[in-house]
Every structure is written in C-alpha cells, then in structure tokens.
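See below for the structure under consideration.
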Amino acid sequence: MTHTVERKTAVVVGHGMVGHRFVEALRSRDEAGTWQVIVLSEEALPAYDRVGLSSYVGSWQAEGLALPGNTYDGDVLVDLRLGVRADTIDRDARKVVTSTGDVIAYDALVLATGSYAFVPPVPGHDRPECFVYRTIEDLDGIRAAAEAAGPGAVGVVVGGGLLGLEAANALRLMGMTPHVVEFAPRLMPVQVDEGGGAILERLVTDLGLHVHTGVGTASIAEAEDGAGLKVTLSDDSVIDASLVVFSAGIRPRDQIARDAGLEVGPRGGVITDLGLRTSDPHIYAVGEVAAVEGVCYGLVAPGYTTAEIVADRLLGGAGEFPGADLSTKLKLLGVDVASFGDAFGTTEGALSVVLHDAAKGTYAKLVVSDDAKTLLGGILVGDASAYAALRPLVGSPLPADPAALISPAGAELGADALPDDAQICSCNNVSKGAICGAIAEGACDVPAIKSCTNAGTSCGGCVPMLKKLLEQSGVEVSKSLCEHFTQSRAELFHIVQSTGIRKFSELIAKHGTGTGCDICKPTVASILASTSSDHILDGEQAALQDTNDHFLANLQKNGTYSVVPRMPGGEVTAEQLITIGEVAKEFGLYVKVTGGQRIDLFGARVEQLPLIWKRLVDAGMESGHAYGKSLRTVKSCVGSTWCRYGQQDSVGMAVLLEKRYRGLRSPHKLKLAVSGCARECAEARGKDVGVIATEHGWNLYVGGNGGLTPKHAVLLAGDLDDETLIKYIDRYLMFYIRTADRLQRTAPWQEALEGGIDYLKQVICEDSLGIADDLEAAMAAHVAGYRDEWAAVLDDEEKLSRFVSFVNAPDEADPTISFDDSGERKVPVLLGMPEIAPESSTATSGK
C-alpha cells in the first residue's frame, strides 16, 4: 500500500546567508519530504557570502562568493525564484503576492529579509556620487565611480565601524585614497575600547587610510569647480572627494512585516518569541530582521542559530533561541581585531589586565572577575592569535595568571585547558565536546570535522583550535598546502621535480582542484623558480608572484619602491658608487647604507624602475633580490686581507658564496655571513648559514634567524676546507628548499626535524639518505643557469610593459606619491595626511 505524504509549503522571503542556512537545515532534516520550499530572492544572484564581500574587489567574480549548494540543483522540493520580490502578505488568506504578480499560498512564512544600510539625513546624501556598502551590486556601482574618478581620487567613508573599514579597504584596493569619518572618538567603537582603538587607528593609518574620529558629516555638495564633491565635516573641515560611501550602521528590513500588521520593535525588527515565531503563529522571522524578544542581532552566527531553530520548529521540535555570543574576530586591511565576552568590563567588580605594546602595534586586554580567577571577556588588536583559545574560556576558571595568557613570554593555552562545554565555533554553536566526539567517530581532519559539525564553515576563526583538538586526540593533522592542494609544499616540490611540470595550471589540473589562491600560487611560483632558471616574469608564472616580485622591487609605505643593487661581500667599485650617486640625485631617491653591507635607494616610482636599473646594469651591477624569498646578502668583515686578527679571507669567501647562491628561490628569505675570526664581526651566528674562520679552515653554523623570534645558529661541522664548506652549504640549502613548509625559515624548519641538528649532520655530512650527489647537482644547475633578473627585463619589451603605475593610464604617474624633504632626510608622506616624522617612518609595505 502506497502512503501519500501530506506536503506543506514554506515560503522564504529573502535569500541571504541566513535564508540559505534555513533552507539547508530544513531540507537536511526533513527526511519524509513534508515541506515544499519556495524561496523569493529580490537579488538576481543566489545566496552569497556577504561577510566576505570585500574579496569581490579585484577579482570581480561573483562566483567566488557563492555559498555551497545555493541553487539547490536536483532538489525538486526547493523552488528558488531569483529576481522576484515579495510585495505584500495576506495574512488572512496566508498568501504572498510577488513583484511578478504571482500569488503563493503558504503554510509557514519565513521572513529572512535581513537589513539595509542606514544613510543619515545629511544634506546631499542622495547625490549620485553617494553609495552604500551592502551588496555586490553596490560594489559594482562604487567600482564604476572609482574608475571614472581616476587613480588616487579621494573616497570618503561615513562610518568607522566594521563595515566602514571594510568599505575603506575596498576603496583602497580600487586605487582610491580613502578617508574614514567616525562620529565616535575611536574606530570600531562597538568592538574595541579606547586603547585598542588607538592602536587600530595607528595601524590602519600606516596602511594608507586617513582617519577622522570624533566628527560627523555636516553636508555633501558639488565642488565649486563642478568636479567632484565637497564633504564638510562637523568641525568645519572640508574633504574634496569624488565619491562617498555610507556605512553608518544597519537597520532591520521590516517594511513588509509592518505593512502586514505584524508587531515590530520600537527600533525596528519583527518581534518574535524564543522560537522565532512572530505575532502571527504562521509567520517566523530569522536573521537580522528578527527582534528576538525585542533584541536584533547583526552578526551571522546568531542568524544561523535562528535559522536552525525555525527548521526545528517546522518539523515538530521545540528549539529556543539560547542567546547570542557576540564575539568577533576579523582581519581588516591585514590587521587582526577580536573582542569576546564582556569586552568592556561592565560586570560588577570586573578587573582589567592590559598589555599595550606600541612598538609592536599590539593591544591585549582581558576582563576578569574581582578575584581574577574567571575570564569574562577581552579585546585583541594587532595580534589575535590567542583568540581561539581564550574565547571558549569565557565564564570558566582561568588556567593561569591572566597576564601570562596575553604576554608573549607567558603561558600558552592548549586545547586540553578547555572544558568540554566550551564553545569552539561561535558561528555555528559547536562545543569542544561535540568536536571531540566527531573526532572519536572518525573525523580525522579539518574538512571532516567541518562536514560532521559545521564548525569552521563560516568565518573560519576556530580552525586553528580544530587542529589543536585533532593533535590532542592523537590524530596527525593534514599538512595540505591549502584547500586546492592536499599535498604539502615538500610533496609539491617533489612532484614538480620528478614530472617536469612547468606551469601552475598544469600542476593544479593534474594534482589539485579549483583555480588556486594567494597561498598556493606564490608557493608554486617559488618551487618553479627553484627547479629551473626560467625568468619569474615569463608567461603564466608572472601572474603567480607576490606583490614585490611583480615589479622586482620592494613596495614601500607610500607606494614607491626601493632599488637594491647587489654588492657581493659588501664590495663595490668607485665607478659603481659614482653611478649610484648619480642615479639617486637624478631620480630624487633617499640613500641608506644597510646593515647587510649594501646601499638601498628609496622612493622610486614603478615607471622609473627600468630607467634606474638600466643605469645600474650598465655600470656592472645586478639585482640584490631584496624583494624575493631568496638569498639577500652574505655579510662579511674585512678578514685576513686587512684585519690583524683575521685568520681567513672572509671577504673572498663571502663574495664566492653570494655569487654562487644569488637568485636562489627558497621557502623564505636567506641571509648568510662570513666572519674572519672568532671575534665574529659579521655576526655569522645570527644568520641562516654562518661561516667563521678558524686557524685550520672554517666552522659552519646553520639555522640562525633574526626577526621576531631570534635564534642562534648551531654548529654543523668544523675546520672545513673551502671545497667541503661549499659542498655542505650546497646540500644544506637544497635540502631546506626541498623539505621546508611555505614561509618557514631555517630555524623553525631545523627545530621541527625529528632528530634536529644530529639528523642534519647525518644527512648533510654523512649522506645518510644517499641524496648528496642529487642535492649538489641541483645547486650546480642553479649556478650554471643564473641570469640577472633585471638585465633580462631590460632586454624584453613585453616584460617592460608591466612597469606602469596604472594599466589604464600608462603615461600617468601615481598622484598619491609625495615626500617631505624639509628635514635632515627625505621621508614618504601620504596625500592629505599630516607629515610623518622621520623617527616614526617605517618600511611597511601595503599600498
């Protein structure tokens, strides 16, 4: 006997992230197929990641934002109608009338209309040059206006909150000069306090944003000359701009509910009970439009929770909204910002523990109970690496002194410090216990955990903790390079080396998936460069490079580039010095003798780089590779040639090594040094490879690094003759290049090797793996195939064509580039910003 399913109809108004989550939740649980779902989407595009909207800038490919399964292909119980708006609701008849004239009956109606961008009633706010930052269509409009305004034009963002900074970054990526106007006394006033706001403002200012806090926007009018806008602020200051983007908050999009007579809150939003049911028992509201017992939530995590609850209710469940974790962790313009729990210390008796490191640009605050034993909340700016471990501890006893938890030299929180009920994934409300349970049932990697629990599928902030939980459970964590390659960097190196593949497209087609990302593309570019002598700007490989490698120069903070000719061993001829001086004078460059024994020239515009390098190459100089993940310098003292203490010719050895390893691409930058005696004037033990002269030859040290976590190099072999020394360095560098992870310097690579330095001695000195000849042959091939990259560019018209400030205006110089040379030395400034004091200038890249 056949049983007929009595099917009911659920109509979903809105197809954003939360609306899509509701459909997914209902269909995954409705095994009997009791509900037919009709989705009305006013936008022409199916559900996409609105949180990641800024990633649309640059690619301009909407497909990259599409949420998985957003078209419901093959599901006959879901009818998605794109470009169709719900106009009216007839509650008595339980019908919805659409913009196409269709009348749709429903058994349950789910309002997922989200929110709209609030535009304050500033005079001139309705001008065509004014935009909001909410949808892909909004970004397309902003892009068109930015291109019409031209490179370097000013764009004003009204609002310095989360979305305001996202909008400012989008303008920056479009080539505009962004100004952010925030009425509050600090940026992101909802997420960070005064101290965090100060650090955040400094960090984003260094990246090119112009910040105006504590002021409002008084008016927007046409400029007096008719070109652009005149934006007047409440302090009477004026910004000459080409466009304005409003990002001053959001409001629930509840008009259709108001028109239908549903109860709404005094500040907007459709009033619901804890089961998300509105004042009409057949109508539910989810996401930003829902005022759950009068409270609206503007984050995706509580929105997903509301969607899950309504799906449960429609299938006979009794789910209730549990409250919302308003913790946030994000990266704005590359700057980490996080807040969690009672971040502002509103709890009675709450104490604050603060670590404010202005030099490093970090701010960390923990809010604890009056006995300092329970974590209540916190704020992290500049470095949010501790967020994944700290946020789940909110409301729980602290495992260590609170100051130690945010101190760089303090205690490190492991996954075992978290209780089972600690919420690991706030977006999807997944506890540590649920994740560990999934691991116990066979989820042996991060993708499997995501599939089983939904943890890590939204913002991704909890993924580091998922890996820690896997490690704690004894599961070996995948070393996949990225989502497009399951192989590690070392495995990809072996594939390229053994197959002879020379194109990224061929490699990903045969051994990966998708189209690649900003992790795998430059990594593969480095591998291709390490395994051949092809020019890094040849063909397809040119599109894979990091920013600096695109122009074979280091990008500086004001959009100019540095020029660094190689000086092997620090040696330079008088003629070459004269040429450097003439170039610096002719092009107005700032000259700096570095700690690496060479001369850097700062302030070159991109279109000037070929002209400068032509002069330097003609003088017999070549690229110093200051821009690449490759050999930088081989530092030396004057050695036995001049010094009365010198035991060997350190300069001669430094020149030999620098010429041998120049242009050698590697997982990270390489620095070498040669000291002529044990007095160590070249500081060789702070380098990746350090050579120190002895009475009988050379001592070879490896694995030293400067930087954030300095490491001393350790002795690999002693009293070596010249031939053996070079042979061991060849093997060491090639073994590192083949086996290290992406962006892993020699010190952590060496420490991660099982057996450490003793294992390296066996491989390098004793050839325990039988690969010494192969490593030496690979290095010999590099040496034989080396050609100066800049000399090759100068001989190739196609490569030269990329050296322009603006592709669509190749003859124009970048108007945002400016300098201040009124003091003792020339420094970069940004247009519209206060002059930068020389002592505060940095070499931070990031235009």
Interatomic distance, CZ@Phe344 vs CD@Gln191, rounded to 0.5 Å, equals 7.5 Å

Sequence neighbours excluded, the answer for salt bridge (charged side-chain N to carboxylate O under 4.0 Å, His left out) partners of Glu308 is Arg21, Arg29

For Cys436 and Leu469, the nearest pair of non-hydrogen atoms, with its separation, is SG-CD2, 4.2 Å

Review point. Between the side chain of Ser247 and the main-chain N/O of Gly164, is any donor-acceptor distance below 3.5 Å?
Key: yes

Tightest non-hydrogen contact, residues Val39 and Gly14, listed as CG1-O, 4.1 Å

Separation between CD1 (Ile271) and CZ (Arg277), nearest 0.5 Å, reads 16.0 Å

Worksheet entry | Tyr387 and Phe340 aromatic ring geometry - parallel, tilted or perpendicular at 30°/60° bounds | perpendicular

Q. Short question: side chain of Arg489, backbone of Ala740 - any donor-acceptor pair under 3.5 Å?
A. yes

One should read off an interatomic distance between Leu65 CG and Ile136 CD1, to the nearest 0.5 angstrom, of 5.0 Å

The residue among Tyr284, Tyr304, Tyr297 that forms ring-ring contact (aromatic ring centres under 6.0 Å, His included) with Phe321 is Tyr297

Test item: Ile439 and Cys452 side chains (from C-beta on) under 4.5 Å apart, heavy atoms:
no

Within-4.5 Å side-chain heavy-atom neighbours: Leu203 and Leu207: no

- request: Would you confirm whether Glu182, through its side chain, and Ala184, through its main-chain N or O, come within 3.5 Å as a donor-acceptor pair?
  value: yes

Worksheet entry | Over 12 non-hydrogen atoms of neighbours within 6.0 angstrom of CZ in Phe183 | no

Worksheet item: Just checking, any donor-acceptor pair under 3.5 angstrom between side chains of Asp280 and Thr278?
Response: no

When every non-hydrogen atom of Ile435 is compared with those of Ala455, the smallest separation belongs to CD1-CB, 4.2 Å

| Does Arg50 use its side chain to pair, donor to acceptor, with the backbone of Met17 at less than 3.5 Å? | no

Are Ile449 and Leu470 close enough that some pair of their side-chain heavy atoms sits under 4.5 Å apart? yes

With sequence neighbours left out, the residues meeting salt bridge (charged side-chain N to carboxylate O under 4.0 Å, His left out) with Asp383 are none

The reported gap from CG in Leu366 to CG in Leu390 (rounded to nearest 0.5 angstrom) is 5.5 Å

Answer yes or no: is there a side-chain heavy-atom contact under 4.5 Å between Lys365 and Ile379? yes

Can any side-chain N or O of Trp35 pair as donor or acceptor with the backbone N or O of Leu26 at less than 3.5 Å? no

Checking side chain to side chain contact (heavy atoms under 4.5 Å, CB included) for the pair Lys711/Arg745: CA distance, chi angles, key distance, verdict? CA-CA 11 Å; Lys711 298 286 185 180; Arg745 292 202 67 176; over 6 Å; no

**Request:** Determine yes or no for a side-chain-to-main-chain donor-acceptor pair under 3.5 angstrom, with Tyr133 supplying the side chain and Ala170 the backbone.
**Result:** no

Residues passing the side chain to side chain donor-acceptor pair (under 3.5 Å) test with Ser115, sequence neighbours excluded, are Arg134, Glu288

Exactly one of Val354, Leu355, Asp357 clears side-chain contact (heavy atoms from CB on, under 4.5 Å) with Tyr363, and that residue is Val354

ask   = Judged by atom type as modelled, is there a donor-acceptor pair below 3.5 Å linking the side chain of Asp741 to the main-chain atoms of Gln744?
value = no

>> Using side-chain heavy atoms (C-beta onward) and a distance below 4.5 Å, is Val270 in contact with Thr113?
In response: no

**OP:** Begin with the C-alpha distance, continue with both residues' side-chain angles, and end with the deciding distance and a verdict on side chain to side chain contact (heavy atoms under 4.5 Å, CB included) for Thr362 and Ile199.
**Re:** CA-CA 7 Å; Thr362 59; Ile199 285 289; 6.0 Å; no

Open item on the list: Using side-chain heavy atoms (C-beta onward) and a distance below 4.5 Å, is Trp749 in contact with His668?
Closed with: no

Original post:
Can you find a heavy atom in the side chain of Met188 that is under 4.5 Å from one in the side chain of Leu165?
Top reply: yes

_Could you tell me if Arg253 sits above the aromatic ring of Tyr116, with its cationic atom closer than 6.0 Å to the ring centre and no more than 45 degrees from the axis?_
no

So CG of Leu262 and CD1 of Ile256: to nearest 0.5 Å the spacing works out to 9.5 Å

Side chain Ser279, main chain Glu263, donor-acceptor under 3.5 Å: yes

Report task. Could you walk me through whether Asp336 and Leu380 pass the side chain to side chain contact (heavy atoms under 4.5 Å, CB included) test, one step at a time? Result -> CA-CA 8 Å; Asp336 281 336; Leu380 304 169; over 6 Å; no

> So does Arg258 have more than 12 non-hydrogen atoms from other groups sitting under 6.0 Å from CZ?
Replying inline: yes

Heavy-atom nearest pair, Asp254 first then Gly269, reads OD2-N, 2.7 Å

When rounded to the nearest 0.5 Å, the distance separating OG1 of Thr272 from CD of Glu293 is 7.5 Å

message: Apply side chain to side chain contact (heavy atoms under 4.5 Å, CB included) to residues Thr135 and Tyr56 and explain how you reach the verdict.
response: CA-CA 10 Å; Thr135 67; Tyr56 177 60; over 6 Å; no

Below 4.5 Å, heavy atoms only, C-beta onward: do Leu276 and Arg313 meet side chain to side chain?
no

Exercise for the section: Indicate yes or no for a side-chain donor-acceptor contact from His20 to the backbone of Pro68 under 3.5 Å, with no hydrogens or angles considered. Expected result: yes

Closest heavy-atom pair, Ala10 versus Leu314, reported as atoms and distance to 0.1 Å, is CB-CD1, 4.4 Å

Original post:
So, Asp342 side chain and Leu376 main chain: donor-acceptor pair closer than 3.5 Å or not?
Top reply: no

Pro120 and Ala248 have their tightest heavy-atom pair at CD-CB, 4.2 Å

